[in-house]
Amino acid sequence: MSDAKNSLAQMEKIVSLCKRRGFIYQSSEIYGGCGGVWDYGPLGAELKRNLRTAWWNTMTREREDVLGLDASILMNPAIWKASGHVDTFADLMRECSLTNKRVRADHVEPQSGTSVSYTGARPGEVIPADKIADFIQKLDSLVKAYPHEHRNEAEQCAAVLKLPDITRSSLEAWVSAIQRNYQPTLLIREFVKDFLKPFQKQSSEPFTMLLPQGKPVESARKVAKEFYSNRGVNDPQLDDEATATVQDSRDFHPETGGMLGEARPFNLMLKTYLGPTATEDDVTYLRPETAQAIFAQFKNVFDSSRVKVPFGIGQIGKAFRNEVTPKNFTFRSREFEQMELEFFIKPDEAVEIISGEVAKWHEGADLSEPQLNWGWEMWHRYWVDQRTKFYEGIGLGDVLEYYWQTPADLAHYARACVDILCEFPFGTEELEGIAARGDFDLSAHQSASTKSQEIFDEELKNAAAKLTDEQKEALIQKRLAAEKAKTKGEPMPEAAVRAWFERLFKGNYVPHVIEPSAGLDRMALAVIAKAFSETEKIDEKGKKEVITVLRLHPRVAPIKVGVFPLLKNKPELVAKAREVYALLKKHLNCFYDETASIGRRYARQDEVGTPFGVTIDFETCGEKGPELADTVTLRHRDSGEQERVKISELLGKLLPLVS
RNA sequence: GCGGGUGUAGUUCAAUGGUAGAACACGAGCUUCCCAAGCUUGAUACGUGGGUUCGAUUCCCAUCACCCGCUCCA
């Protein structure tokens with residue numbers, strides 16, 4: 001089996017387990033479902049709650065410098081205009097036919113040059129070598145499976161097939177020839193026909209691109225071939241090349257030269273109406289991210305909490321996006337839950353004034369404790385480190401990867417952004433993004449709302465008062481040079497820079513922000529996918545069976561302990577087991593189970609990731625003497641190890657292991 | 001949004017233009033039962049809506065959902 005097939009099968013098993021054991025169901029299933037939304041069943045709800053609590057505790061409660069917020073999903077739509085979401089999410093967009101890059105229909109500059117177009121493409125002859133190797137291997141095993149009386153013929157026709165130059169038309173010719181001549185080899189014919197299918201695909205989709213003055217037509221041919229092979233045409237042969245001179249056309253993507261598709265609204269924002277009249281005046285949106293509420297409430301939190309910069313505001317909540325393609329089970333959903341922190345820091349200039357320098361990041365720098373002289377870069381690295389430790393704490397440490405966005409990837413307002421990626425069966429995908437966003441967000445809200453988002457920093461004011469005019473001017477010159485060197489976005493005009501420093505020297509600034517933003521549903525899926533494991537076991541009768549175990553970290557497991565009386569028809573065992581259950585239940589999520597054999601009950605709990613099992617037997621009731629009385633079997637999921645533990649010592653032993 | 005595929009008990013799969021089967025799972029019962037044991041027994045399904053037909057789960061159309069590619073950024 002190929003890797004792709006393997007991981008697909010793996011994913012299907014996970015989806016099936018999730019449904020079967022009550023982790024995740026399709027939304028509205030009895031009505032045929034609802035695209036891109038999912039429901040969490042009893043165990044999924046517990047798992048999510050555990051992850052949510054883990055995040056909340058490590059990010060807010062266990063820290064002195066982060067506060068919580070729980071804002072509403074509905075907000076004044078002006079917030080989404082200020083944040084840029086309405087513009088980027090809901091305008092008329094035209095899509096580049098080559099790269100699917102979208103541009104605003106009203107932002108396309110007129111282009112001139114030579115257009116090259118094709119009416120479509122037919123498949124070529126060349127079949128890739130690896131496909132041929134795969135083909136021959138499968139063909140051989142097919143031939144071997146033939147019954148004896150037809151084996152000869154099958155071998156003969158396979159030999160004819162395996163000529164040194166296998167091309168599309170040689171195979172096609174073979175298929176039409178074999179139809180008449182070799183009846184017993186029909187299976188091979190069907191196999192070849194299936195194999196050929198992907199290489200016979202043609203496309204009548206027209207292609208046009210704009211070539212800048214002086215570029216050879218050959219480069220357009222190359223792009224066109226790529227275009228058609230992306231659409232499944234193998235070794236594309238282009239149809240009807242035509243060139244034309246183009247003057248001031250708005251139909252091509254300014255960067256790629258690709259033809260732009262029809263202008264159509266791309267409404268990623270989920271629109272709704274606030275108020276019963278439901279007129280256009282009442283339109284607002286379900287939030288596409290939780291972060292903006294944090295920015296919008298920044299001043300209130302700051303004013304009501306006696307905090308000083310640097311500090312953070314964390315929030316967990318639902319967000320909504322009209323995804324074009326919901327995908328990969330719960331991975332890309334239209335309704336999802338975010339866990340976001342906005343960590344507000346001083347601008348580097350303020351740090352420099354106060355500390356005399358800004359610490360530079362270098363490989364191996366100590367990130368364990370925040371320092372006064374940290375600028376945005378160190379804070380950014382610090383949060384990447386913190387978040388990594390968090391993922392280690394929920395058992396995901398060894399499947400993480402990092403992607404540091406290149407300057408080209410970055411939005412113009414972002415200074416750095418790291419994606420924390422995780423290995424899923426369907427590929428390595430993003431779990432969390434940690435962005436250094438400068439003061440973009442608060443400044444945007446400041447200018448849109450006309451309410452100041454500046455804070456006053458007494459320490460800064462006092463430090464600035466000690467600076468000489470020359471020192472101040474040096475700081476300003478440094479910033480002016482940095483503005484000039486900007487490659488993205490407009491440089492800040494000198495007058496604005498000087499005005500900004502004016503405020504800064506008085507102790508006033510809009511804080512900058514580091515934003516670790518994680519997806520709770522993705523995290524839950526990652527945890528399940530990582531924990532999913534199957535082993536084959538041969539039972540006493542030699543029957544093969546597949547054992548499924550969710551090796552969840554005890555901290556996130558939905559059920560912590562299974563409690564079992566060895567037999568259910570003995571009242572004393574049941575009574576004792578229920579006693580133990582009642583004792584543990586107050587502190588841990590437990591599951592009591594008395595049906596079926598003890599082995600099956602262990603297996604059931606293994607499948608949902610319960611790390612511990614407690615079994616009450618006759619010894620617990622004192623059958624083998626007083627020293628074993630009131631002891632139980634404690635069984636460990638991952639090792640299968642069993643130990644004898646006093647009931648009175650159970651809680652003390654278990655609690656530290658699950659929190 | 002475009003292209004390809006799928007849709008039958010809880011799950012994984014069968015069969016069929018006329019009464020839908022299995023395995024596992026699930027419920028009840030028996031069992032001194034420590035890793036999916038055994039026996040007895042019970043409940044549960046043709047995604048939805050049209051059409052063709054005497055009759056459709058099966059054929060056709062539409063729709064919905066899911067999966068796989070192209071698009072990312074929680």
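So you know, we letter chains A, B, ... as the sequences are listed, proteins then strands, and number each from 1.
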Does anything in residues 567-574 of chain A reach RNA chain B, meaning a heavy atom under 4.0 Å, and if so which residues?
-> A:L567, A:K568, A:N569, A:K570
Separation of A:Q26 atom CD from B:G10 atom C1', in whole Å?
-> 15 Å
Just compare B:C35, B:C33, B:A36 and give me whichever is closest to any side-chain atom of A:R601.
-> B:C33
Would you tell me if any nitrogen or oxygen in the side chain of A:R522 comes within less than 4.0 Å of OP1 or OP2 on B:C72?
-> no
In whole Å, what is the span from the CG atom of A:L17 to the P atom of B:U12?
-> 11 Å
Scan A:Y31 against the nucleic acid and name what it touches under 4.0 Å (heavy atoms): base, sugar-phosphate only, or nothing.
-> nothing
Mind checking whether A:F329 and A:F331 have ring centres under 6.0 Å apart?
-> no
Which part of the nucleic acid does A:G36 contact within heavy-atom distance under 4.0 Å: base, sugar-phosphate only, or nothing?
-> sugar-phosphate
Nearest listed nucleotide, side chain of A:Q405, among B:C35, B:C73, B:U32 = B:C73
A:S28 to A:C34 - nearest heavy-atom pair and separation | OG-CB, 3.7 Å
RNA chain B nearest-nucleotide lookup for A:Q642 and A:Y403: closer to the 5′ end is A:Q642
Integer angstrom distance from the C1' of B:U31 to that of B:U8 | 37 Å
Got a donor-acceptor contact below 3.5 angstrom from the A:R437 side chain to the A:R415 backbone?
-> no
Checking all strands, does A:G35 fall into the base, sugar-phosphate, or nothing category for heavy-atom contacts under 4.0 angstrom?
-> sugar-phosphate
All heavy atoms of A:S517 vs all of A:E340, minimum pair found to be OG-OE2, 2.7 Å
Any Lys/Arg nitrogen of A:E392 or A:R387 sitting under 4.0 Å from an Asp/Glu carboxylate oxygen of the other?
-> no
Correct closest heavy-atom pair for A:A71 and A:Q315 would be N-OE1, 2.6 Å
Between B:U19 and B:G4 - C1' atom distance, rounded Å = 37 Å
May I ask you to evaluate whether A:N328 reaches the phosphate of B:C72, defined as a side-chain N or O under 4.0 Å from OP1 or OP2?
-> no
Report yes if a side-chain nitrogen or oxygen of A:S597 is closer than 4.0 Å to either non-bridging phosphate oxygen (OP1 or OP2) of B:A37; otherwise report no.
-> yes
B:A14 to B:U52 separation - P atoms, rounded to the nearest Å | 31 Å
Check A:V574, A:V580, A:V614 against A:Y592 for a side chain to side chain contact (heavy atoms under 4.5 Å, CB included) and give me the one that passes.
-> A:V574
How would you label the contact of A:T548 with the nucleic acid (heavy atoms, under 4.0 Å): base, sugar-phosphate, or nothing?
-> base
Is A:R604 near enough to B:C35 that one of its side-chain N or O atoms lies under 4.0 angstrom from OP1 or OP2?
-> no
Step through it carefully: locate the ring centre of A:W383, locate the ring centre of A:F343, and say whether they are under 6.0 Å apart.
-> yes
By centroid distance (under 5.5 Å) and plane angle (under 30°), are A:F336 and B:A74 in a stacked arrangement?
-> yes
Between CZ of A:R52 and P of B:A74 the distance, given in whole Å, is 19 Å
If you check the A:R635 side chain, which of B:U11, B:A36, B:C35 turns out closest?
-> B:C35
Give one of base, sugar-phosphate or nothing for A:C417, where a contact means two heavy atoms less than 4.0 Å apart.
-> nothing
Have a look at A:E432 and say if it touches a base, only the backbone sugar-phosphate, or nothing, with a 4.0 Å heavy-atom cut-off.
-> sugar-phosphate
Does A:Y602 make a side-chain donor-acceptor contact with the base of B:C34, cut-off 3.5 Å?
-> yes
Is the distance from OP1 or OP2 of B:G10 to the nearest side-chain N or O of A:K19 less than 4.0 Å?
-> no
Could you give the distance separating B:G42 and B:C46 at their C1' atoms, to the nearest angstrom?
-> 22 Å
Which of B:C34, B:G69, B:G27 is nearest the side chain of A:K327? It is B:G69
Take the angle between the ring planes of A:F207 and A:Y118 and call it parallel below 30°, perpendicular above 60°, tilted in between.
-> tilted
For atom CD of A:E534 and atom P of B:U12, their distance in whole Å = 13 Å
Side-chain N,O (A:R332) to OP1/OP2 (B:C73) below 4.0 Å = no
So what does A:T633 hit on the nucleic acid, given a heavy-atom distance under 4.0 Å: a base, only sugar-phosphate, or nothing?
-> base
Determine the sole option in A:R601, A:K576, A:K570 for which the side chain to side chain contact (heavy atoms under 4.5 Å, CB included) test with A:P565 is passed.
-> A:R601
Between B:A37 (P) and A:I598 (CD1): distance, integer Å = 12 Å
Nearest-nucleotide wise, let me know which of A:Q338 and A:F426 is further upstream toward the 5' end of RNA chain B.
-> A:F426
What is the distance, rounded to the nearest whole Å, between atom CG of A:D617 and atom C1' of B:C35?
-> 15 Å
Would you kindly give the CD-to-P distance between A:E607 and B:A25, to the nearest whole Å?
-> 10 Å
B:C35 base / A:R600 side chain donor-acceptor hit below 3.5 Å | no
Distance between P atoms of B:U12 and B:C68 (Å, rounded) | 15 Å
Nearest-angstrom distance, P atom, B:A56 to B:G69 = 39 Å
Any ion pair linking A:R635 and A:E641 (charged N to carboxylate O, less than 4.0 Å)?
-> no
Range-with-range stems for RNA chain B, at least three Watson-Crick or G-U pairs under 3.5 Å | B:1-7 with B:64-70, B:10-13 with B:21-24, B:26-30 with B:38-42, B:47-51 with B:59-63
Is the closest basic N to carboxylate O distance between A:K646 and A:D630 below 4.0 Å?
-> no
Atom-pair distance (CZ on A:F329; P on B:C68), nearest Å | 12 Å
When the C1' atoms of B:G49 and B:C54 are considered, how many whole Å apart are they?
-> 22 Å
Any chance the rings of A:F564 and A:Y602 have centres within less than 6.0 Å?
-> yes
For B:G47 and B:U11, measure between their P atoms and round to the nearest Å.
-> 13 Å
Under 4.0 angstrom between A:R321 side-chain N/O and B:A74 OP1 or OP2 = yes
Looking across every strand, which nucleic acid part, if any, lies under 4.0 Å from A:T595 by heavy atom: base, sugar-phosphate, or nothing?
-> sugar-phosphate
Looking at every strand, decide which applies to A:A596 at a 4.0 Å heavy-atom threshold: base, sugar-phosphate, or nothing.
-> base
Would you please indicate yes or no on a ring centroid separation below 6.0 angstrom for A:F23 and A:Y40?
-> no
For A:E337, which contact category applies under a 4.0 Å heavy-atom criterion: base, sugar-phosphate, or nothing?
-> nothing
Classify the nucleic acid contact of A:I30 as base, sugar-phosphate or nothing, counting any heavy atom under 4.0 Å across all strands shown.
-> nothing
